[in-house]
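These notes concern the structure reproduced below.
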Amino acid sequence: MGMRRVMATVSVCLVAVLAASPAQQRAAAVAPSLPNDPAATKFVDDLMKKMTMEERLGQMEQIAWSGRERQANEGHVRKGEVGSFLNITDAATIARLQHFAVDESRLHIPIIFGFDVIHGFRTIYPIPLAMASSWDPAMVTASQAMAAKEASSVGINWTFAPMADIARDPRWGRIMEGAGEDPFLGAAIAAAQVKGFQGDKIGEAGRILACAKHFAGYGAADGGRDYDSSNISDEQLWNVYLPPFHAAVQAGAGSVMSAYEDLNGVPATGNKWLLHDVLRSTWGFNGFVVSDWDAVKNLQTHGLAASPEDAAARAATAGVDMEMTSHTYRDTLAAGLKDGSITMAAIDTAVRDILMIKYRLGLFDHPYADPAHYTSEILTPEQHAAARLAANRSAILLRNEGGLLPLKKTIGSIALIGPMVDSASDIMGSWSLAGLPQDSVTVLQGLKNKLGPSVTINYTKGVTIDRKQPSIFDEQFPDQKMTLETKQVRDAEFTKAIDMVKRSDVAVLVLGEAHNMSGERASRETLNLPGEQEQLLEAAVATGKPVALVLLNGRPLDILWASQHVPAILEAWYPGSEGGNAVADLLFGDANPGGKLTVTWPRTVGQVPTYYAQNLTQIPDDMTGRYWDGLSSPLYVFGYGLSYSTFTVDDLKTDAASVKTTGTIQVSVDLHNTSGVTGDDVVQIYTHQQAGSASRPRRELKGFQRVHLNAGETRTVTIPLKVSDLGFWSPANHSWAVEPGTFDLWAGDSSAATLHAGFTVTR
Ligand code: BGC
């Protein structure tokens, strides 16, 4: 056991005395998250005996590949002083560097190649927020397994995913990269992704190592501003922000990324409590931790570290094994060892963590991708089919007045309007780094593929959108005000679009955000449709023609007007390479929408942050009492989504009225497809603890199942409710427990479910 682990154990014992942490409530001795492997341990111990300090620090170093520094980087590799590269996607370069490491370096230690395979590699799957909206963990696992297959075929060993950050503020651009607002669903989706990337065990062929990021609390940035501090109470941290990470670790994630932000005043990357006490000692994590990009050096920016050397020592001591991109470990840790700011034991622990994962991955035996697979796994028909299925299952039908959708293939003409209708890069969304526009199907192309020449498609953009582009309605960027000439061109385009609507049978407006408007560094202070899209939508509706709105976006937007005036709204998110085909499937009923919101959709940005699992604090619980100038209810609740089928849920039953804290209750309902259309609904169960040591959310998701029902079919759906899932970290007791008492139970197909029952939990 390295010194760091010893210290961690000691510190956990102290925590136990001062405030019983989950370590103490859950288990006396925490099992390692990855199974012990004596052969690996012996191999790594033997190897480490031979390693110089430079080789040790090399393993702790991750370099962002840059062609410009090629020679210098190659030199480092040949000397065995690079543990990892990120951002190389080219099989030949990966193989060349790996050969230098394995053939030419003194100890032949292979490199681990990392890349952000977030929602696909070359074939782009729907963004993670979309995939979570499927409420279908099996599909999520299958999609990430397909992504792993492509990425591993070129030699990538490691993805920086899943993002397990809970996000309750749609201003934060990275909400698109996670599973939404809920810890229970977030945990299920994070675990599903880990399984998809890694398979059942690290080192399976055709898989890659997962990395749960950004540990932790990054999604709670003040004001939704990316990289800003997060101030999260202990109660929220334990009960809301940490569970998806814990689930990823329990699912066997081999790595974790430390986050950029200050968490309650201590930057996550220098936060020993997080990285030692919680991650390792409490959860038993025995993979390795990588910092986020430059996050070690940034400890100085945060005002935690006095110098790069201090930053390196603090991060390494806190538990960051590998430094991404800034080079403070390589440049200063040897000096730190001499002056006592870092111990040899801490360095050895980090190196051992990394080498153990390289061993588990099988890199020492199989360092290279098979050249026969370089291209044969890429963009295969199976990849396209899986991406299309994922996009179909991820879309959410938000509104469908008068059954406007699905459209009939026999219509004569469609006006297909919007700035992204034919944009191959926007349909992929952010974090599609290796995806190529030429491999994606736009909405225009998808509709052409579906309809052939028999339906006239009248297509134009209507408006253009760009990040920070000035709008004629927008006084925010006066220095960029458009010229009169530009305005005339834009007015003409707007008029052309509306004329097309007037002369078509139906209009489909494809609006939202360009791909770079959400994602990292893409926070927003409004949730408006950017540019003049709202005006375009209103003008289209004013023609009196039936209008369907398709949204391509990465966050809930302010669509209050649309929710009242546009008959049909389909949330397609950024659906990926097959997005255009999927949107066509959904619009024309070849796929039936079955996705549900995993984020509460606010009416206006002023309601943010808003989430369904709030505490009930005042009666009457009316939604008009909180803001005098608006409702406090959301536009669409968590768990909401329509279908071309109609469903009812009834006959809520439990198999016991009373259950022990260690037990499970079987909750069942009858789900009826009351329509003539086959489709999917998601049965959801929610609980509420009526009284206890602390107030608890008015509702919390505790089980769900996506169910496929034929037209007219009824099925009894049984969902196990594990009483251990009712446990929570009590801010009154500073401890984790299932508290005996009375619980409400609701079942239905959204968080507004009305079927109600109750049960008691006894010791
Ligand atoms: C992001 C990470 C990402 C890393 C490497 C950072 O800026 O925050 O999520 O994995 O870059 O690309």
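Atoms within each ligand, like the ligands themselves, are counted from 1 in listed order. Positions are given from 1 along the sequence.
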Exercise for the section: For His119 and Trp431, indicate whether the former's side chain and the latter's backbone hold a donor-acceptor pair under 3.5 Å. Expected result: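 Judged by distance alone, yes, a pair lies under 3.5 Å.
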Assess the side chains of [X] and [Y]: does a donor N or O sit below 3.5 Å from an acceptor N or O?
X	Y	answer
Trp573	Ser133	yes
Glu323	Thr328	yes
Asn286	Ser33	yes

Problem - Selected option - heavy-atom contact closest to atom 4 (C) of ligand 1, from Ile118, Val290, Asp292 - result: Asp292
I need the atoms of ligand 1 closer than 4.0 Å to a non-hydrogen atom of [X], numbered in the order shown.
X	result
Met257	10 (O)
His214	2 (C), 8 (O), 9 (O)
Lys213	2 (C), 3 (C), 9 (O), 10 (O)
Phe160	10 (O)

Problem - Sub-3.5 Å N/O-N/O distance, Trp431 and ligand 1 - result: no
Practice task
Looking only at distances, please establish whether an N/O atom of ligand 1 is found under 3.5 Å from an N/O atom of Glu177.
Solution key: no
Fill in the blank from the handout: Of Trp172, Tyr260, Trp293, the one forming a ring-ring contact (aromatic ring centres under 6.0 Å, His included) with Tyr227 is Tyr260
Problem - Test item, Arg174 contacting ligand 1 (heavy atom, 4.0 angstrom) - result: yes
Problem - Tyr260 heavy atom under 4.0 Å from ligand 1 - result: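 True for this residue.
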Practice task
Could you check atom 5 (C) of ligand 1 against the protein and tell me its nearest heavy-atom contact, residue, atom and distance included?
Solution key: Asp116 OD2, 3.2 Å
Exercise for the section: Measure up the Phe113 and Phe85 rings against each other and bin them: parallel (under 30°), tilted (30 to 60°), perpendicular (over 60°). Expected result: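 Correct class here is parallel.
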Problem - SB check Asp439 Arg122 (cutoff 4.0 Å) - result: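 Arg122 and Asp439: salt-bridged.
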Fill in the blank from the handout: The answer for which part of Leu86 has a heavy atom under 4.0 Å from ligand 1 is side chain
Exercise for the section: Check Glu520 against ligand 1 and report side chain, backbone, both or neither, counting heavy atoms closer than 4.0 Å. Expected result: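 The part of Glu520 near ligand 1 is the side chain, not the backbone.
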Problem - Side chain to side chain, Val140 and Ser134, heavy atoms closer than 4.5 Å - result: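 Yes - at least one pair of side-chain heavy atoms lies under 4.5 Å apart.
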